[in-house]
Amino acid sequence: MIEIAVFVLAAAAVLGGALGVVLARNPVHAALGLIGSFFGIAVLFVDLDAHFLAAVQVIVYAGAVVVLFLFVIMLLGVDRSEDLSVEPLGGQRPLAGAAGIALLGVALATLFLAQGDGDVVTGTPSVIGSLAGGENVALLGRALFTDYLFAFEITSVLLVIAVVGAVVLARTPRRRAGDEQVEP
Amino acid sequence: MTALLATGDPLLAGEIDGGVILLVLLKTLIVFAIPLVLTALMIWVERKVHGDMSNRIGPNRAGPWGILQTLADGAKLFTKEGLIPERADRLVYRLAPYLSAVPAFLVFAVVPFGGDFNPRSDGTIDGTVTLLGNATFLQLFDAQPGILLVLVCSSVAVYGVMLAGWSSGSKYPLLGSVRATAQMVSYEAALGLSLVAVVLVSGSLSTHDIVAFQALPGRGLLPNWNLIVTGVVPFFVFFIAATAEMNRPPFDLTEAEQELVAGFNTEYSAIRFALFYIAEFMATITFGAVIATLFLGGPAGPDLGILPGWLWGTVWFFLKLAIFPFIWIWFRATLPRFRYDQLMDLGWKLMIPLSLGWILLLAAIRSADTVGTDGQRIGYLPAVYVGAGVLLAAVLLQASITVGRRRRELADLEVFD
């Protein structure tokens, strides 16, 4: 009973936040909607006994990713000057709408086609087994460092590449002796 | 070791009856009231001690020794008119103080503020106290992600500062909040990494288990505190990162009165300002509590008699907690403010690499104790490799920092040519 109430509230937060992201005219309000959505997802994780994932969801997505979004929005000052009626990419709104409807269709089709066979949609234990009753961290850690070690290491290599790329992009090129002096 | 550590609050394991609900309500009240009262005291102590350190008297009008000064200030702020600037984003402007204040309260929910952590007659440590006929932890919520909730709260608190600065629609708050956000996000990394060392040696994320681990008998006269067990370095990293995370001097660039009026909260007044003010000082209390829990054994301590045995945990906890706010006041009275680039250098080039390397070393030392099936110690070789690797990485990092600094200096010289 309580689980259903929590689910409904969290789902409302997720959907409301998502609508806010799409509909808000102000980029900062859109980012706030995104945070609301992430918190809803964290609550859903708790509802599913995935406590560790819930904490990580807030720390990583709300605490780091969206903070950086907001940081860029503030630094670039796009929050006040952006005119949303001008579209930089023609036709992206109808395309995005169509893609969204298609995705919803797939989700609904899976839900209804699998009615007879409950395992398809829910009730399937995750790849690391049921999280209920166990220590999340131990289960996740064991799975990450045994079965999924390769994927884990590849991900860390990917992140290192991203860091190196960021450093290369952010590095100011050194002026050579013959270059013209440009007054700032 | 796991057998020694009780898992989960025994209060909620059994049947939920009226006594249990009463106890939970009582603990909720305590967890709400303690930080609030301590914050009021902290503000007074800070003004008094800081006054003393700069040869002033400090508040001395309201109540004996001015102890009611915070109450007087609070009453004043609560009855003032709250202004909203013309160019403010009204919704976000109203929301921001709560984003600052609510996480400050929440942290205390996972901190064990008492409990009997002395070994029972059968040698187990359960840290429970029997109140109203129920065995219970003196802690509101022994969450599974435990100490991660501290990081959750501090990452939410960033939004309070950031959105307050942005929504004010004015220059100085925006500058202050951009600085603050960069600072808090940078130091959150160091904070999290130094936490890993504690989790590594304690073997659990739960704050209760971390305290129970530290209540185990140590080597010789030394207690088994994480301060010693993790080798001091993570403690200092965590302490400095916490100082930066809550924008206390010498890392108070966010407010930098001489440059930014008052930083992110310049445009705030009345009760909304009071919320920021409370959140800021409450952070010293909650971070003091978190550091005491993580590194100084929290409520773990000997039973010295006189008082009932279960109360000693609480006494030890508050004694340990009080150390850190005092040090932060001392910092404020003595240390000059860091420059922005110095702050970032300290965070990214010293604290983060240091705590990363320290985690690797700790893991290597622990793996050196691994015993194979034939009773031989098999972990030595990996430990030596890791040690050599960390050393090499440290040398490379130092070299690259030196080269970078030299190049920057050369570039500066060229400008003057």
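Just so we're on the same page: letters track the sequence lines, and every chain starts at 1.
B/Val178 touches chain A through backbone and side chain together, each having a heavy atom under 4.5 Å away. When heavy atoms are compared at a cutoff of 4.5 Å, A/Ala55 approaches chain B by way of both its backbone and its side chain. Residue B/Val152 touches chain A through both its backbone and its side chain, counting heavy-atom pairs closer than 4.5 Å. Contact of B/Ala182 with chain A is made through backbone and side chain together, with heavy-atom distances under 4.5 Å.
Residue A/Leu104 places its CG atom among more than 12 non-hydrogen atoms of other residues, nucleotides or ligands, all under 6.0 Å distant. Within 6.0 Å of atom CG in B/Leu392, more than 12 heavy atoms from other residues, nucleotides or ligands are found, so the atom counts as buried in its surroundings. Summarising the local packing, OH of B/Tyr340 is surrounded by more than 12 heavy atoms from other residues, nucleotides or ligands at distances under 6.0 Å. No more than 12 heavy atoms of other residues, nucleotides or ligands lie within 6.0 Å of CD in A/Glu3, so this atom counts as exposed by the packing criterion. More than 12 heavy atoms of other residues, nucleotides or ligands sit less than 6.0 Å from atom CZ of A/Phe71.
Between A/Ile59 and B/Leu148, the closest heavy-atom pair is CD1-O, 3.8 Å. Across all non-hydrogen atoms, the minimal contact from A/Gly63 to B/Tyr159 is N-OH, 4.4 Å.
Of the listed residues (A/Val67, A/Leu68, A/Val58), the greatest number of heavy-atom pairs within a distance under 4.5 Å of chain B belongs to A/Val67.
Between B/Val156 and A/Phe39, the closest side-chain pair of non-hydrogen atoms falls below 4.5 Å. Residues B/Asp89 and A/His29 are in side-chain contact: their nearest non-hydrogen atoms beyond the backbone lie under 4.5 Å apart. With a 4.5 Å cut-off on side-chain heavy atoms, B/Leu163 and A/Leu32 count as touching. A/Phe52 has its side chain within reach of B/Leu205: a pair of non-hydrogen atoms, C-beta onward, lies under 4.5 Å apart.
For B/Gln183, the side-chain hydrogen bond (donor to acceptor under 3.5 Å, both in side chains) criterion is met by B/Asn247, not counting sequence neighbours.
Rounded to the nearest 0.5 Å, atoms OG (B/Ser155) and OH (A/Tyr61) are 14.0 Å apart.
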